[in-house]
Amino acid sequence: MAVIVLMYHHTPDGAPEGFYDVGLGAFCAQIAAMQDAGVSFIKFSECDRPDYVAQGTHVALTFDDGHATNEAAFRWLADRGLTPTAFIVRDWSTRDGRYLSARALGDLKDVCELGGHGASHRALTSLSDGELADELSASRDYVEAIAGAPATTMALP
């Protein structure tokens with residue numbers, strides 16, 4: 001009786017480039033093996049549902065940062081009937097081509113849930129009350145504008 005959340009970062013098509021990377025091929029193999037073994041996948045937004053928490057073991061898939069390499073993973077998951085959650089850093093999305101832009105995220109919002117991951121990815125405990133409020137509200141507002149719906153989830157940077 002558990003809900004397990006697997007968190008991924010970059011999923012490059014090829015060899016991993018950094019410590020947190022999982023190559024797309026390895027990622028697909030991991031998920032396929034879990035599906036073949038009968039693992040039950042749920043959306044991150046459903047993790048608190050009592051029926052999932054109380055009965056069986058379920059897995060939710062999340063991706064931190066909104067890296068552009070995740071697009072292929074999201075589409076592959078959609079083809080398998082799975083919906084991940086992407087936690088987006090607003091500043092990286094708006095300023096860095098290595099991350100999914102608002103347009104790309106808008107195109108993906110039907111195959112993944114969107115959540116906040118901070119406006120700038122700063123450590124929240126290092127911020128003043130005013131900075132914290134700005135960091136969180138800017139992140140939320142950005143995700144809501146893209147999703148066209150309330151942002152109800154976030155991952156701490």
Side-chain angles (χ1 to χ4, degrees), residues 3-32 34-35 39 41-49 58-127 130-157:
V3 174
I4 299 167
V5 179
L6 299 179
M7 178 188 63
Y8 291 90
H9 282 81
H10 305 174
T11 50
D13 187 12
E17 301 165 5
F19 179 76
Y20 293 112
D21 295 1
V22 174
L24 182 61
F27 170 77
C28 294
Q30 290 171 7
I31 302 308
M34 286 187 270
Q35 277 193 310
V39 170
F41 287 88
I42 62 173
K43 296 177 182 179
F44 182 77
S45 62
E46 299 172 333
C47 284
D48 63 345
R49 284 186 35 187
H58 310 279
V59 174
L61 301 170
T62 69
F63 292 77
D64 277 7
D65 304 333
H67 201 270
T69 62
N70 298 153
E71 181 173 0
F74 297 161
R75 297 210 183 274
W76 183 86
L77 289 167
D79 289 345
R80 296 184 76 91
L82 304 178
T83 304
T85 299
F87 294 112
I88 307 303
V89 178
R90 182 205 62 189
D91 289 356
W92 297 352
S93 175
T94 60
R95 300 177 186 159
D96 188 332
R98 296 175 298 170
Y99 295 87
L100 294 163
S101 67
R103 174 178 271 173
L105 290 165
D107 290 343
L108 291 167
K109 71 181 182 183
D110 293 332
V111 299
C112 72
E113 298 180 321
L114 300 177
H117 196 44
S120 65
H121 206 267
R122 293 187 293 170
L124 301 181
T125 56
S126 71
L127 304 177
E131 290 171 324
L132 177 62
D134 290 345
E135 181 79 8
L136 295 176
S137 64
S139 175
R140 180 200 61 224
D141 293 348
Y142 184 70
V143 169
E144 288 180 348
I146 295 166
T152 60
T153 59
M154 79 166 293
L156 298 175

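Keep in mind that this is a model prediction, so the values were computed, not measured.
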Between the CG atom in Leu6 and the CE atom in Met34, the distance rounded to the nearest 0.5 Å is 5.0 Å

Rounded to the nearest 0.5 Å, the CG atom of Leu114 sits from the CG atom of Leu105 at a distance of 5.5 Å

Checking Val111, Val59, Leu77 against Leu82 for side-chain contact (heavy atoms from CB on, under 4.5 Å), the one that qualifies is Leu77

Would you say that [X] contacts [Y] through its side chain, given a criterion of any heavy-atom pair below 4.5 Å between the two side chains?
X	Y	result
Leu127	Asp134	no
Leu61	Ile31	yes
Arg103	Asp107	yes
Val143	Met154	no
Glu131	Arg122	yes
Asp91	His121	no

Any side-chain to backbone donor/acceptor pair from [X] onto [Y]? Under 3.5 Å, distance only.
X	Y	answer
Glu135	Ser120	yes
Asn70	His9	yes
Ser93	Leu100	yes
His10	Pro12	no
Thr11	Thr69	yes
Asp65	His67	no

Over all atoms of both residues, closest heavy-atom pair of [X] and [Y]:
X	Y	result
Ser101	Tyr142	C-OH, 4.3 Å
His117	Leu156	CE1-O, 3.2 Å
Ala155	Asp64	CB-OD1, 3.8 Å
Ala60	Cys47	CB-SG, 3.8 Å
Leu24	Ala72	CD2-CB, 3.7 Å
Gly97	Ala68	O-CB, 4.3 Å

* Can you establish whether the number of heavy atoms outside Asp13 located under 6.0 Å from its atom CG is more than 12? => no

**Message:** Around atom CZ of Arg98, are there more than 12 heavy atoms from other residues, nucleotides or ligands closer than 6.0 Å?
**Reply:** no

**Test log, rule side-chain contact (heavy atoms from CB on, under 4.5 Å), inputs Lys43 and Thr85** = CA-CA 7 Å; Lys43 296 177 182 179; Thr85 299; 5.6 Å; no

Output, in order, the C-alpha distance, side-chain angles, deciding distance and verdict of side-chain contact (heavy atoms from CB on, under 4.5 Å) for Thr62 and Glu113. CA-CA 9 Å; Thr62 69; Glu113 298 180 321; over 6 Å; no

Tested for ring-ring contact (aromatic ring centres under 6.0 Å, His included) against Phe63, the lone hit among Tyr99, Phe44, Phe87, Phe74 is Phe74

Residues passing the side-chain hydrogen bond (donor to acceptor under 3.5 Å, both in side chains) test with Glu17, sequence neighbours excluded, are none

